[in-house]
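Here's the structure, in structure tokens; my notes come after.
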Amino acid sequence: GAVVSQHPSWVICKSGTSVKIECRSLDFQATTMFWYRQFPKQSLMLMATSNEGSKATYEQGVEKDKFLINHASLTLSTLTVTSAHPEDSSFYICSARTRTNYGYTFGSGTRLTVV
Amino acid sequence: AQTVTQSQPEMSVQEAETVTLSCTYDTSENNYYLFWYKQPPSRQMILVIRQEAYKQQNATENRFSVNFQKAAKSFSLKISDSQLGDTAMYFCAFMKHENYGQNFVFGPGTRLSVLP
């Protein structure tokens, strides 16, 4: 079935540094990738929608300069958390639509801890 | 804007018994999809079941079935013969039908514990 590979699965970084999270669709082309953020014991909140070859669309309240999204190819979308701060610590999950019967597949998530 | 509500933050059930998780939603759309996703401790989101709003017949997937009441905007999940592996967070989710590539709107989740 359709698989989205998300890396890294966890990362610890120092305040002020940048971290890149990658999501790759392994056996299908993902024209659209969604990036969600999940705080502990909370639900998934959409951060942005990434379309291949165009600028990402950010949800209200999400800082586009802090959360840089690049979707340069049909199989790769990246989220870069720039100048990370402890409040950016969270679980980040990507999701892509597959072309099979309205299927959506999720990456395995990235736990980011900023110290 | 669409909203999804899950009124049960936590539930527990004995192994082999049946449990029902509640979900209500609010939308002005007529065509949409509803989903139940499971998130075990691994945090991987796993699709449990999907319902198209235009279908009157309730979706079923093995031990999982839904009670979809469109007029009441209710979409409950019934898990029969509960197994220890069903222990997880369960999220109800809504998606508009309009265009290819819609995002999910998730409910706050229900933490289900299956007890031995």
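Sequence lines set the chain letters: A, B, ... in the order given, protein chains first and strands last, and positions in each chain run from 1.
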Task: Row check, F91(A) ring normal vs R37(A) NZ/CZ: under 6.0 Å, within 45° - done: no
Task: Residue L46(A) versus chain B: region with a heavy atom under 4.5 Å - done: side chain
Open item on the list: With a 4.0 Å cut-off on N to O distance, would you call K20(A) and E22(A) a salt bridge?
Closed with: no
TODO: Could you check which of Q44(B), R43(B), M45(B) has the highest count of heavy-atom pairs closer than 4.5 Å to chain A?
DONE: R43(B)
- [ ] Check whether M89(B) gets within reach of chain A through its side chain, its backbone, both or neither, counting any heavy atom under 4.5 Å.
- [x] neither
Open item on the list: Can you confirm if the aromatic rings of F106(B) and F94(B) lie within a centre distance of less than 6.0 Å?
Closed with: no
Open item on the list: Any non-hydrogen side-chain atom of P8(A) less than 4.5 Å from a side-chain atom of T110(A)?
Closed with: yes
Open item on the list: Need one label for S9(A): side chain, backbone, both or neither, based on atoms under 4.5 Å from any heavy atom in chain B.
Closed with: neither
Open item on the list: Take a 6.0 Å sphere around CE of M11(B) and say whether it holds more than 12 heavy atoms from other residues, nucleotides or ligands.
Closed with: yes
Open item on the list: Students often mix this up, so state it plainly: with edges at 30° and 60°, are the rings of F68(B) and Y25(B) parallel, tilted or perpendicular?
Closed with: parallel
TODO: Kindly state whether the ring of Y104(A) and the ring of F104(B) have centres lying under 6.0 angstrom apart.
DONE: yes
Task: Closest non-hydrogen atom pair between P108(B) and S43(A), with its separation - done: CA-CB, 3.8 Å
- [ ] Can you tell which part of Q38(A) gets under 4.5 Å to a heavy atom of chain B, answering side chain, backbone, both or neither?
- [x] both
Task: For chain A, which residues of residues 14-24 of chain B have heavy atoms nearer than 4.5 angstrom - done: none
Task: Which atom of L47(B) lies closest to which atom of F35(B), heavy atoms considered - done: CD1-CD2, 3.7 Å
Task: Residue Q39(B) versus chain A: region with a heavy atom under 4.5 Å - done: side chain
